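What follows is a single structure, written as structure tokens, with notes after it.
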Number of protein chains: 2
Amino acid sequence: MAGHDTQDRPMRRDAVRNQQLVIEAAREVVSEYGTEASMELIASRAGVGVGTVYRRFPNKDALVEEIVDLMVCELVDEARKALTLGDGTGLEVFLRAMGESMSTHRGYAVKAVGHSKATRVEELRDLITELLVQAQDKGRIGPSIVLGDVMAAAWALRGIIETAGPIAPEAWQRHLDIQFAGLRAPDVPSAHAPATREQLTQISGGAGRTSCGRGA
Amino acid sequence: MAGHDTQDRPMRRDAVRNQQLVIEAAREVVSEYGTEASMELIASRAGVGVGTVYRRFPNKDALVEEIVDLMVCELVDEARKALTLGDGTGLEVFLRAMGESMSTHRGYAVKAVGHSKATRVEELRDLITELLVQAQDKGRIGPSIVLGDVMAAAWALRGIIETAGPIAPEAWQRHLDIQFAGLRAPDVPSAHAPATREQLTQISGGAGRTSCGRGA
DNA sequence: CTTGAAGCGGAACGATCATTCCGTTAAGGC
DNA sequence: GCCTTAACGGAATGATCGTTCCGCTTCAAG
């Protein structure tokens, strides 16, 4: 993805730099205005022409998928890091990191959390499952909680962040405090079914491969 | 709004019927496809031409505001009804009703819950406040919970419903079960601030007037 | 330094809407 | 039944935006 195109010949140096500028501009602009921000705006933010954007990305969807993928990769990193805590607080730490990330990338958080076809969501799901198991082992999360509940909490955060956004920037944190009080309870009687694994897969894909580009 | 236009002369019977058809079509179509559904689609669903839509609504925004307003009115009714329960369960009953409504009107729930300029949101806020006070009086909700927390719970529901939608239709109910477990706790330690009244007003307007058209 | 090709900018194209306009239709008061 | 006029349908208009195209520019291999 970085430095080489489809062929063996390395990309020209200016092309590499421009591609980076485009990706950064897209993150900024789409975070702020959502995926409906125009390609023109993204290009001008990057200081290049639209043609340059289309040289690296076949269309807008591909560009958006690229930045969604970056975001999910960062979340995967956070999840891995949280897992090493080992004391059962990892799940909470991760969810807070996810909230921060969704706040920063508000305009397209929906793509990462929801209907994204991005590769790698499955990897993230597995990591979250591990975090959940760890938290339950340490008694920090009730035994009746399942992955679907944690995902629902994440979707909930998006709803709050999208709505309250920068106006009440702590609202999602507080919601999470209260939610965790419920999640900790040894048994929450519920007549309602959480999302199953199959449903989670349906909601946010789980097909592709490739690994997150390591590094900063 | 119904039967009369700006002038004294009553609307023609076919015009009244068509306006109703347009509103119903808009609710259906926008619920399903979101506010980006085209006017053509709404018009054809209603069985009329676009021109007819524009005779009653100056533009698309006005039409959307109309259906948002209908939704909020229904929520106001639900809140009033819940308040008469008097046993402190009203808040929970209301939030479930709100979830159902947002599920039905998924495509524009965001307008009702969030950045809507719809009149009447303030009335709804007042009713929710009453429901909260009542629930706290009866000991069903912890004393440290404020209106901002309830609103955040509503925004959270929207996030879940938009994401999981019809795929995991019970997910939001279960989230609410868990959330209520947290809300019931006598004290949830939180270092984070809930949304204040001012912030709530900023988030979802609160200026206009007029009353909900009574009746079915 | 030369030169071939990758890269670049941005005008042009085509599709998709929201909105307007106008010739035609049909309520409903008399 | 007649006639005025509100109401209707849908083609036309104009704006926006994704995408393509092409003549010019600039890198970098030799």
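This is a predicted model, so every value here is computed, not measured. A, B, ... follow the sequence lines: proteins, then strands. Residue 1 opens every chain.
- Between the A/Ser38 side chain and the A/Leu41 main chain, a donor and an acceptor come within less than 3.5 Å of each other.
- Projected onto DNA chain D by closest heavy-atom contact, A/Lys60 and A/Gly51 fall at different nucleotides, the more 5' of which corresponds to A/Lys60.
- Mapping A/Gly49 and B/Pro58 onto DNA chain C by nearest heavy atom places A/Gly49 at the nucleotide closer to the 5' end.
- Position along DNA chain D of the nearest nucleotide to A/Val50 versus B/Gly47 favours B/Gly47 as the more 5'-ward residue.
- Distance CG (A/Leu63) to P (D/dG18): 11 Å, rounded to an integer number of Å.
- One N or O on the side chain of B/Gln199 and one on the backbone of A/Ile167 form a donor-acceptor pair closer than 3.5 Å.
- Rounded to whole Å, atom C1' of D/dG9 lies 13 Å from atom CG of B/Asp14.
- In the displayed structure, A/Glu40 atom CD is contacted under 6.0 Å by at most 12 heavy atoms of other residues, nucleotides or ligands.
- Of the candidate nucleotides C/dA27, C/dT20, C/dC8, C/dC8 has the atom nearest to the side chain of A/Arg55.
- Atom OH of A/Tyr54 is separated from atom P of D/dC22 by 17 Å (rounded to the nearest Å).
- Rounding to whole angstrom units, CZ of residue A/Phe57 and P of D/dT20 are separated by 15 Å.
- Whole-Å rounding puts the B/Arg13 CZ to C/dA27 P distance at 10 Å.
- At C/dG7, none of the side-chain N or O atoms of A/Asn18 fall inside 4.0 Å of OP1 or OP2 (strictly under the cut-off).
- Contacts between residues 32-46 of chain B and DNA chain D, counted as heavy-atom distances below 4.0 Å, involve no residue at all.
- Residue B/Arg56 has its side chain nearest to D/dC8 when only D/dT19, D/dC8, C/dG7 are considered.
- Distance CG (A/Asn59) to P (D/dC17): 17 Å, rounded to an integer number of Å.
- Panel note: side chain A/Thr104, backbone A/Glu100; a donor-acceptor pair is recorded below 3.5 Å.
- Residue pairs meeting the salt bridge (charged side-chain N to carboxylate O under 4.0 Å, His left out) criterion with at least one member in residues 164-174 of chain B, sequence neighbours excluded, are A/Asp149-B/Arg174.
- Side-chain contact check for A/Val150 versus A/Thr129: every heavy-atom pair is 4.5 Å or farther apart.
- Residue B/Thr52 places at least one side-chain N or O under 4.0 Å from the OP1 or OP2 atom of D/dG9.
- Taking only side-chain atoms of A/Arg12, from C-beta outward, the nucleotide of C/dG7, C/dT19, D/dG9 with the closest atom is C/dG7.
- Atom CZ of A/Phe57 is surrounded by more than 12 heavy atoms from other residues, nucleotides or ligands within 6.0 Å.
- When all heavy atoms are compared, the tightest approach of A/Pro166 to A/Arg106 is CD-NH2, 3.5 Å.
- The minimum heavy-atom distance between B/His175 and A/Ala153, with the atom names listed, is CE1-CA, 4.0 Å.
- An angle of 20°, rounded to 10°, separates the two end axes of the helix from C/dC1-D/dG30 to C/dC30-D/dG1, each defined over five pairs.
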